[in-house]
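Below is one structure, written out as structure tokens, with a few remarks after it.
Whatever order the structure lists ligands and atoms in, that order sets their numbers, starting from 1.
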Amino acid sequence: MLTVAIPKGALLKETIQLLQQVGLDFSAFLDSSNRQLQIVDPTGTMKGLLVRAQDVPVYVEYGQAQLGIVGYDVLREKKSAVAQLANLGFGYCRMSVAVKQSSPYQDVLDLPAHCRVASKSVNCAREYFHGLDLPVEIIPLYGSVELGPITDMSEAIVDLVSTGKTLKENGLVEIKKLFDSTAYLIAHPLSYRLNVEGIDHWMTQLRGTAMNTYN
Ligand SMILES: Nc1ncnc2c1ncn2[C@@H]1O[C@H](COP(=O)(O)OP(=O)(O)OP(=O)(O)O)[C@@H](O)[C@H]1O
Ligand SMILES: O=P(O)(O)OC[C@H]1O[C@H](OP(=O)(O)OP(=O)(O)O)[C@H](O)[C@@H]1O
């Protein structure tokens, strides 16, 4: 039986809806009183694992799940050895550099060398500033990244922006977009190449349904 890694958090609801549209019902994962992390859909077709978003590519790379749904930002950050089968189109956000509205930095090139940048996505942040040949100190955080500049711990942040509400309500402004992100369907490369248990069929179904729904 094929296994799909399903991300908790921001992408959960739309992931469950997409799977439901192709006949796979994992809606029990939406019930907060349910603590089961692994369920088989009622038709006995596929197993679902409920994992943290950053862990989706890990389960897929190690082959515990042959399929997974995850944000492109996570794929950029983790560089896991997984096959990117399709851009599913939902879960839009962007990875951006932001600073305090009141700061003198209107552009990333205004940031001083050796300044501090707080981020949950340390590899994306490091890569970007390295590309500019601007030496910065990356401060790794697990959340509430906007507090970096607010508390003067850092001059800037690299973080996901979706509606922009969090930046606005915390007096920060975006000065550079690094890349856009949406949810991707990923697969274990060898399983995909060998079309194990008809992975290709599910790829076609999921990609087609996502295209009709989100494009
Ligand atoms: N507004 C948003 N903010 C953050 N992530 C978003 C947003 N919209 C879509 N996403 C997608 O959802 C994923 C984050 O999901 P989640 O809500 O679980 O966040 P997280 O805080 O990074 O997770 P965790 O709680 O495991 O640390 C991102 O990788 C991104 O692809
Ligand atoms: O532009 P917006 O729509 O306001 O969304 C962006 C916010 O959402 C994410 O945080 P999340 O909710 O995952 O919480 P976190 O601070 O714990 O990472 C992200 O890190 C921003 O803080």
Original post:
Taking distance alone, with no angle check, do Lys120 and ligand 1 share an N/O pair under 3.5 Å?
Top reply: yes

Original post:
So, is Thr166 polar-close to ligand 2, with some N/O to N/O distance under 3.5 Å?
Top reply: yes

Original post:
Has ligand 2 got any nitrogen or oxygen that is less than 3.5 angstrom from a nitrogen or oxygen of Val145?
Top reply: no

**OP:** Heavy-atom distances under 4.0 Å are what count here, so tell me which part of Lys8 touches ligand 1: side chain, backbone, both or neither.
**Re:** backbone

**OP:** May I ask which of Asp73, Leu75, Leu11, Thr15 has a heavy atom nearer to atom 29 (O) of ligand 1 than the others do?
**Re:** Asp73

**OP:** For atom 15 (P) of ligand 2, find the nearest protein heavy atom and state the residue, atom name and distance (0.1 Å precision).
**Re:** Ser144 N, 3.7 Å

Original post:
Of all the heavy atoms in Gly143, does at least one lie under 4.0 Å from an atom in ligand 1?
Top reply: no

Original post:
Which residue from Thr163, Leu160, Ile157 reaches closest to atom 3 (O) of ligand 2 through any of its heavy atoms?
Top reply: Thr163

Original post:
Lys120 near ligand 2, heavy-atom distance under 4.0 Å?
Top reply: yes

Subject >> Close N or O approach (Gln54, ligand 1; < 3.5 Å) >> reply: yes

Original post:
Is Cys93 touching ligand 1 with its side chain, its backbone, both, or neither, if touching means heavy atoms under 4.0 Å apart?
Top reply: side chain

Subject >> Where ligand 2 meets Val161 - atom numbers and elements under 4.0 angstrom, heavy-atom basis >> reply: 1 (O)

